[in-house]
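Have a look at the structure below before the remarks.
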Amino acid sequence: MSTKSETLKIEEKTINLPNSIKTKNGFYLKKNHAIILAASILLLFVGAILITYYAKPQTVYLYTPETTDSSLMNADKTIVYVGSYSERPEGEWLQGKASNYSIQAYEFNKTDGSLKLLKEYLSDYVGKNSIYMCTTKSGDFLYSINSLVGQNEESNVVSFKIDKNNNGELVKINSIEGTGGQNAVHISLDESENFIFIAHYDNGGSLSVYERNSDGSIGQRVFLDSFNAGNLHSVYSYKNKYIFAPDLGQNKILNYEYNELTGKFIQNPNQPDGLGTESGPRHLVIHPNGLYAYIVHEFSNDISILSIDSSSGILSIVVDKISTLPSSASSDGQFAGAIRLSLDQKFLYVSNRGKTNSIGAFEILENGAKLSFIGAYDTYGKIPRDFFVLKEHLIVLNQNSANAYTYKINKDGSLVKLFGPIKIGLPLAVIAIEF
């Protein structure tokens, strides 16, 4: 009976099968359909991922003097811009002969470290004495300030479109004559790139802010703060909430609250007098983790490590007076210049101008809270005013020797000379883009 019952069940299934699928072969055909459908969905999913990945727009990795990009990838071309004195200011402090060119463009060769001159820009086109420059993160625009030293005139600022289809040629957009102060020495952008900051050194010092238009042109001035006894040397945005401005004349870092919608500043009520330092604060860099900054003092050739309270903007000295010189060297007759981070944030570099004429190198430890001196490396010239850090290379300008050298950055942060000298008027500032 049980066997008969099982047979009946099989028969019931055989009878019911044609009601849904007409033949036995038809059943397997539908199963194949399901397999094909699943495979098609899988292929569409994988295709969508591949399209999303390869359809990304090409990213230009750019390194300004104030910011670094640790995700830097190898680009096909590196263009280096050098700002120079086109007119020699009076005074024995500056040696050498000025050229008629305010900006020179070079192509950098990553293999041998050489610099190939592409174009020189006359001061009639780009303005006199291009003392400092900055670029947008995309590398599409460059901004330069002109310092009319000793002429008791306000400085100028110029905007350029960078033509990447023509070896990075600078195409002038517009210029503003009279930036609200004399001897402009530093220019930077806020983090949204909607406003342009300019620091002026002479006549008590001043800080001005200009709108940056969507076409890259310079708009109207929206803010001006002037001082009676200062020598403002640089200006930086911190998370578009606060502004830090080293004032060499007042021996302090000015601290502002920043309105990113209007571009205007007010004194930070949490630190209205700023942070007092000694011996001429000149330039600073902010560690990408946002916890620390490094300020270099021009007259004492040393660095202070600063902590930053991100909620209040308050600056505090964590470690003070870290010499940028070898232990055997005196700070007499020495003047610190530029300060830069490596792109991987592992190393910090500072230029020493004077008797040693060197680049001091430090390893960054404990998430930015500590520096360890690596060494000081000869720049083979006089007064290394500025330098620029690429992924594996460093380019230094010797102002009074009117030349430049390039270096290889080793894995331990030490430097090895690769190329030089290349003659360059009276160089003041250097910046590069890659694309």
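Being a predicted model, the structure only gives us computed values, none of them experimental.
With ring centers used as reference points, Tyr407 lies 6.0 Å or more from His393.
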(message) Show, in sequence, the C-alpha distance, side-chain angles and deciding distance for Arg212 and Asn194, and conclude whether the side-chain contact (heavy atoms from CB on, under 4.5 Å) test is met.
(response) CA-CA 5 Å; Arg212 178 181 173 272; Asn194 290 326; 5.7 Å; no
(request) Start with the C-alpha distance between Glu260 and Lys241, add both sets of side-chain angles, then the distance that settles salt bridge (Lys or Arg N to Asp or Glu O under 4.0 Å), and finish with yes or no. (result) CA-CA 7 Å; Glu260 65 177 331; Lys241 293 171 58 180; over 6 Å; no
(request) Show the numbers, then the answer: is there a salt bridge (Lys or Arg N to Asp or Glu O under 4.0 Å) between Asp378 and Lys417? (result) CA-CA 9 Å; Asp378 195 344; Lys417 184 182 68 151; over 6 Å; no
(request) Start with the C-alpha gap between Asn213 and Ser217, add the side-chain angles, then the distance that decides, and say whether side-chain hydrogen bond (donor to acceptor under 3.5 Å, both in side chains) holds. (result) CA-CA 5 Å; Asn213 298 320; Ser217 63; 2.9 Å; yes
(request) Would you check, one step at a time, whether the test salt bridge (Lys or Arg N to Asp or Glu O under 4.0 Å) holds for Glu169 with Lys119? (result) CA-CA 8 Å; Glu169 182 169 350; Lys119 187 167 184 176; 2.8 Å; yes
(request) Kindly determine whether Ile131 and Val185 satisfy side-chain contact (heavy atoms from CB on, under 4.5 Å), including the steps that lead there. (result) CA-CA 6 Å; Ile131 198 168; Val185 289; 4.2 Å; yes
(request) Take Glu87 and Lys128 through the salt bridge (Lys or Arg N to Asp or Glu O under 4.0 Å) test and state the conclusion after the steps. (result) CA-CA 7 Å; Glu87 293 183 352; Lys128 300 176 181 179; 3.2 Å; yes
(message) As a quick check of understanding, evaluate side-chain contact (heavy atoms from CB on, under 4.5 Å) for Tyr377 and Ser358, giving each step before the final call.
(response) CA-CA 5 Å; Tyr377 302 89; Ser358 62; 5.8 Å; no
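Note that SG of Cys134 and CG of Leu142 are 7.0 Å apart. Values are rounded to the nearest 0.5 Å. For the atom pair Ser279 OG and Phe299 CZ, the distance stands at 8.5 Å (nearest 0.5 Å). Note that the CD1 atom of Ile162 and the CD1 atom of Ile433 stand 4.0 Å from one another [nearest 0.5 Å]. Between atom CD1 of residue Ile295 and atom CD1 of residue Ile317 there is a gap of 10.0 Å, rounded to the nearest 0.5 Å. Between the CG atom in Leu426 and the OH atom in Tyr85 there is a gap of 8.5 Å [rounded to 0.5 Å].
Just one residue in the list Leu248, Asp302, Asn251 forms a side-chain contact (heavy atoms from CB on, under 4.5 Å) with His297, and that residue is Asp302. No option in Thr379, Ile395, Ile359, Thr406 other than Ile359 meets the side-chain contact (heavy atoms from CB on, under 4.5 Å) test with Phe387. Evaluated for a salt bridge (charged side-chain N to carboxylate O under 4.0 Å, His left out) with Glu434, the options Lys77, Lys391, Lys110 yield exactly one hit, Lys110. None of Tyr210, Phe223, Phe265 except one satisfies the ring-ring contact (aromatic ring centres under 6.0 Å, His included) rule with Phe197; the exception is Phe265. When Asp247, Ile198, Ile243, Val209 are each tested for a side-chain contact (heavy atoms from CB on, under 4.5 Å) with Val235, only one passes: Ile243.
Side-chain contact check for Asn183 versus Asn203: every heavy-atom pair is 4.5 Å or farther apart. For the pair Val126/Phe160, a side-chain contact is recorded, criterion being any heavy-atom separation below 4.5 Å from C-beta on. Side-chain atoms of Thr262 and Val222, non-hydrogen and from C-beta on, never get closer than 4.5 Å to each other. Taking the side chain as every heavy atom from C-beta outward, Phe388 and Leu390 approach each other to under 4.5 Å. Using a 4.5 Å heavy-atom threshold, the side chains of Leu348 and Ile303 count as touching. Contact of the Tyr236 side chain with the Pro246 side chain is registered, since non-hydrogen atoms from C-beta on lie closer than 4.5 Å. Under the 4.5 Å side-chain criterion, counting only non-hydrogen atoms from C-beta, Ile196 is not in contact with Glu211. Counting heavy atoms from C-beta on, the side chains of Asn268 and Tyr256 never come closer than 4.5 Å.
For Glu177 and Asn156, the side-chain atoms include no donor-acceptor pair closer than 3.5 Å. A donor-acceptor contact closer than 3.5 angstrom is absent between the side chains of Asp202 and Gln182. A donor atom on one side chain and an acceptor atom on the other are not found under 3.5 Å apart for Asn146 and Asn129. For the 3.5 Å distance criterion, the side chains of Ser414 and Asn410 qualify, holding a donor opposite an acceptor. A side-chain donor-acceptor contact under 3.5 Å links Tyr258 and Asp190. Donor-acceptor pairing under 3.5 Å is recorded for the side chains of Ser304 and Asp320. For the 3.5 Å distance criterion, the side chains of Ser102 and Ser86 qualify, holding a donor opposite an acceptor. At a cut-off of 3.5 Å, with distance as the only test, a side-chain donor of Ser84 or Gln104 sits close to an acceptor on the other residue. With no hydrogens or angles considered, no side-chain donor-acceptor pair links Asn352 and Thr356 at under 3.5 Å.
Counted within 6.0 Å of NZ on Lys116, heavy atoms from surrounding residues, nucleotides or ligands total 12 or fewer; the atom is thus considered open. Within a 6.0 Å radius of CG in Asp215, more than 12 heavy atoms belonging to other residues, nucleotides or ligands are found. Enclosure of atom NZ in Lys346 is not indicated, since only 12 or fewer non-hydrogen atoms of other residues, nucleotides or ligands lie within 6.0 angstrom.
Between Ile286 and Ser237, the closest heavy-atom pair is CD1-O, 4.0 Å. For the pair Tyr106 and Ile424, the tightest heavy-atom approach, listed with the atom from each and the gap, is OH-CG1, 3.3 Å. Heavy atoms only, all atoms of each residue included: Tyr238 and Gly290 are closest at OH-O, 2.7 Å. For the residue pair Leu341 and His287, the shortest heavy atom distance occurs at CD1-CA, 4.1 Å. Here the closest non-hydrogen pair linking Leu207 and His200 is N-ND1, 4.3 Å. The shortest non-hydrogen separation linking Asn367 to Asn289 is O-ND2, 2.8 Å.
Remark: the backbone N or O of Gly337 is paired with a side-chain donor or acceptor of Arg282 at under 3.5 angstrom. Although no hydrogens or angles enter the test, the distance criterion places no donor-acceptor pair under 3.5 Å between the side chain of Ser159 and the main chain of Tyr143. Ser323 places a side-chain N or O within 3.5 Å of a backbone atom of Leu325 that can act as its donor or acceptor partner.
In this structure, His233 and Tyr201 have perpendicular ring planes: the angle between them is above 60°, well past the 30° mark. The aromatic rings of Tyr121 and Tyr125 sit parallel to each other, their planes meeting at less than 30°, with 60° as the upper class boundary. Using the six-membered ring where Trp is involved, Phe244 and Tyr242 have ring planes that are parallel, under 30° apart on the 30 and 60° scheme.
Relative to the ring axis of Tyr294, Arg340 does not place its NZ or CZ within 45° and under 6.0 Å from the centre.
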